[in-house]
Amino acid sequence: MKALIAHPFLVGRSLAPFGRERPDSAGEKPPAEAAVDAGPTMTWEDCADNMYKADHPDQDFQSMNPVRLDSFDVFVSIVRCGGFRAAALERGVSSSTLSQTMSTLENALGIRLLNRTTRSIAPTEAGQRLLERLAPALSDIRHAIAEIDELRDSPSGTLRINAPAPAVDHLLCPLAFDFMDRFRDVNLEIISDAAVIDIVEQGFDAGVRFGKQLAQDMIAVPLGPALKYAIVASPDYIERRGMPRVPQDLVNHDCIKRRFPGGTLVTWRFADGNDEIDVTPTGRLTVSSVHNELQAALAGRGIAHVFDDYAKPHIRTGRLSELLADWSPTLPHWFLYYPNRRLPSAAMRAFLDFMKGYNWPSGT
């Protein structure tokens, strides 16, 4: 096991760097962070040879070409990202590098793993079977590295967090900036995404969603203060079209509609005491981004329904006016969630502790 820890496949404390070019010079030393008392250093070919022989003692390994272990993680990344270009951008390498890695892996295994067309890629039957076995194995490796990281004086590694844009804009970004000042050995990758995904399958350490969108096998921690929507329009629009007095008046206005990644339109919800009123907005303009919805409201194109954190700066300057403020309900918190199947890494625990004691800026 000690030799595997020292192997270049396990140098990083996350799998993000896999697929990058390794040094061609046999004399070049690995990064300083990989310096572990691990005994003799193994080559990629030796490691693949030993792992295969351990599982197949009755077979002659000389009949199979050596397999670079980082190639398996490249394969998983390509399938997860949906193509070579997206996987290359995520890993910081060229598409041609990943294509060559996959060709080498398929040649070594003697079987095609991906069906490629000019527009898409998909795993073959053999590729799908391999993918199902690799995902838990690579997860075990990540957690083994995280356990080793416990021996360090300070947390390190990379945390990947998936969250909708509003949570990123107003909560995660200010939190992450201050966290990185405190923990300089931890890298953060924050992906804005409103779709409901399997964060484990997609390679994320944590995600941010509303409570009702969380899977049952997740641990959830409230993130930031309670939320509130604001209904806003520009003074110019209000002068032209008038001001709605109750939510039902919105049917006579141009509402700026927003569509979720899954295709459904955002429903506007209002509260009257203990009663809730849902309004399906009507209007000529539909967008997919809250930033575009706000931009349209500022341009006088209609009434927008956005988190009040987006609207407050423009309300203060007079560029937007809030409508139906007495009907605006208080929403639940965002929740940061992570799998409960294993103990979180040292970096993840540091992030959780930092988040729990964080003093959120005024206005959030």
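We're numbering straight along the sequence, starting at 1. Please read these numbers as outputs of a predicted model, since none were measured by experiment.
Heavy-atom contacts from other residues, nucleotides or ligands closer than 6.0 Å to CD of Gln202 number more than 12. Annotation for Asp278: atom CG counts as buried by contact number, over 12 foreign heavy atoms lying within 6.0 Å. Within a 6.0 Å radius of CZ in Arg116, more than 12 heavy atoms belonging to other residues, nucleotides or ligands are found. Within a 6.0 Å radius of CD in Gln248, other residues, nucleotides and ligands contribute more than 12 heavy atoms.
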Between Val208 and Tyr337, is the side chain to side chain contact (heavy atoms under 4.5 Å, CB included) condition met? List the steps.
CA-CA 6 Å; Val208 175; Tyr337 66 97; 5.6 Å; no

Does the pair Val186 and Met180 meet the rule for a side chain to side chain contact (heavy atoms under 4.5 Å, CB included), with working shown?
CA-CA 7 Å; Val186 179; Met180 294 175 72; over 6 Å; no

Would you sort out whether Phe210 and Phe335 count as a side chain to side chain contact (heavy atoms under 4.5 Å, CB included), showing the intermediate values?
CA-CA 6 Å; Phe210 287 122; Phe335 285 88; 5.9 Å; no

Stepwise ring-ring contact (aromatic ring centres under 6.0 Å, His included) check, Tyr310 with His291
CA-CA 8 Å; Tyr310 286 111; His291 296 284; 5.4 Å; yes

Leu130 and Leu109: CA distance, side-chain angles, deciding distance, side chain to side chain contact (heavy atoms under 4.5 Å, CB included) verdict:
CA-CA 11 Å; Leu130 180 61; Leu109 297 178; 4.3 Å; yes

Test Arg316 against Glu322 for salt bridge (charged side-chain N to carboxylate O under 4.0 Å, His left out), laying out the working first.
CA-CA 10 Å; Arg316 284 195 291 265; Glu322 185 172 7; over 6 Å; no

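With contacts defined as side-chain heavy-atom distances shorter than 4.5 Å, the pair Met348/Leu159 qualifies. Considering only heavy atoms from C-beta on, Thr280 stays 4.5 Å or farther from Trp268 through its side chain. In this structure, Val287 and Arg259 have side chains that are not in contact, with every pair of non-hydrogen atoms separated by 4.5 Å or more. Inter-residue side-chain proximity for Asn162 and Arg209 is flagged as met; some heavy-atom pair is nearer than 4.5 Å. You'll find the side chain of Val279 stays beyond 4.5 Å of the side chain of Thr267, heavy atoms only. Put simply, the side chain of Leu336 reaches to within 4.5 Å of the side chain of Met355, judged on heavy atoms. Between Leu114 and Val79, the closest side-chain pair of non-hydrogen atoms falls below 4.5 Å. The closest side-chain heavy-atom distance from Glu189 to Ile161 is not below 4.5 Å.
With hydrogens and angles disregarded, no donor-acceptor distance shorter than 3.5 Å links the side chain of Ser328 to the backbone of Ala325. A donor-acceptor pair is defined here as one N or O able to donate and one able to accept, closer than 3.5 Å; such a pair exists between the side chain of Glu106 and the backbone of Leu113. Not a single donor-acceptor pair under 3.5 Å links the side chain of Lys257 to the backbone N or O of Leu285. Remark: side-chain polar atoms of Thr124 are paired, donor with acceptor, to backbone N or O of Arg112 under 3.5 angstrom. Side-chain atoms of Thr101 come within 3.5 Å of backbone atoms of Thr97 as a donor-acceptor pair (strictly under, hydrogens ignored). In this structure a side-chain-to-backbone donor-acceptor pair under 3.5 Å is present from Asp249 to Val246. Checking side-chain atoms of Asp308 against main-chain N and O of Ala311 turns up no donor-acceptor pair under 3.5 Å.
Between Ala88 and Ser95, the shortest heavy-atom contact is CB-N, 3.7 Å. Shown here for Val200 and Pro339, the closest heavy-atom pair between the two residues is CG2-CG, 3.5 Å. Taking every heavy atom of both residues into account, Ala350 and Pro155 meet most closely at CB-CG, 3.8 Å. Pairing each heavy atom of Pro123 with each of Gly127, the nearest pair is CB-C, 4.0 Å. Taking each heavy atom of Ala347 and Ser156 in turn, the nearest pair found is CB-O, 3.6 Å. Of all non-hydrogen atoms in Leu105 and Phe72, the two that sit nearest each other are CD1-CE2, 3.8 Å.
In the hydrophobic clustering of this structure, Leu89 does not group with Ile191; members are Ile, Leu, Val, Met, Phe, Trp, Tyr whose side-chain heavy atoms approach within less than 4.5 Å, directly or through other members. Leu331 and Phe260 end up in different hydrophobic clusters when Ile, Leu, Val, Met, Phe, Trp and Tyr side chains are linked at under 4.5 Å. Under the 4.5 Å side-chain heavy-atom criterion for Ile, Leu, Val, Met, Phe, Trp and Tyr, Val251 and Ile238 are members of distinct hydrophobic clusters. Residues Leu171 and Val221 share a single hydrophobic cluster, defined by chaining ILVMFWY side chains whose heavy atoms lie under 4.5 Å apart. Under the 4.5 Å side-chain contact rule for hydrophobic residues, Tyr237 and Leu324 share a cluster.
Annotation: the span from Leu250 atom CG to His305 atom NE2 amounts to 10.0 Å, rounded to 0.5 Å. Atom CG of Leu98 is separated from atom OG of Ser71 by 10.0 Å, given to the nearest 0.5 angstrom. Between the CZ atom of Phe75 and the CG atom of Asp70 there is a distance of 14.5 Å, given to the nearest 0.5 Å. Leu320 CG to Leu294 CG: the interatomic distance, rounded to the nearest 0.5 Å, is 6.0 Å. For the atom pair NE2 of His253 and CZ of Arg240, the computed distance is 11.5 Å after rounding to the nearest 0.5 Å. Taking CG from Leu298 and CD from Gln295, the interatomic distance works out to 8.0 Å, rounded to the nearest 0.5 Å.
Ring geometry for Phe354 against Tyr358 counts as tilted: the plane angle lies between 30° and 60°, on a 0 to 90° scale.
When Arg301, Arg284, Arg241 are each tested for a side chain to side chain donor-acceptor pair (under 3.5 Å) with Asp254, only one passes: Arg241. Results of the side chain to side chain contact (heavy atoms under 4.5 Å, CB included) test with Ile303 over Leu323, Ile256, Val232 single out Leu323 as the only residue that passes. Each of Trp327, Phe270, Phe307 was compared with Tyr229 under the ring pair (Phe, Tyr, Trp, His ring centres under 6.0 Å) criterion, and only Phe307 meets it.
Between the side chains of Arg258 and Asn292, no donor-acceptor pair of N or O atoms lies under 3.5 Å. For the residue pair Thr104 and Gln100, a side-chain donor N or O sits within less than 3.5 Å of a side-chain acceptor on the partner.
Residues Arg160 and Glu90 are paired through a salt bridge, judged by an N-O separation under 4.0 Å between the basic side chain and the carboxylate.
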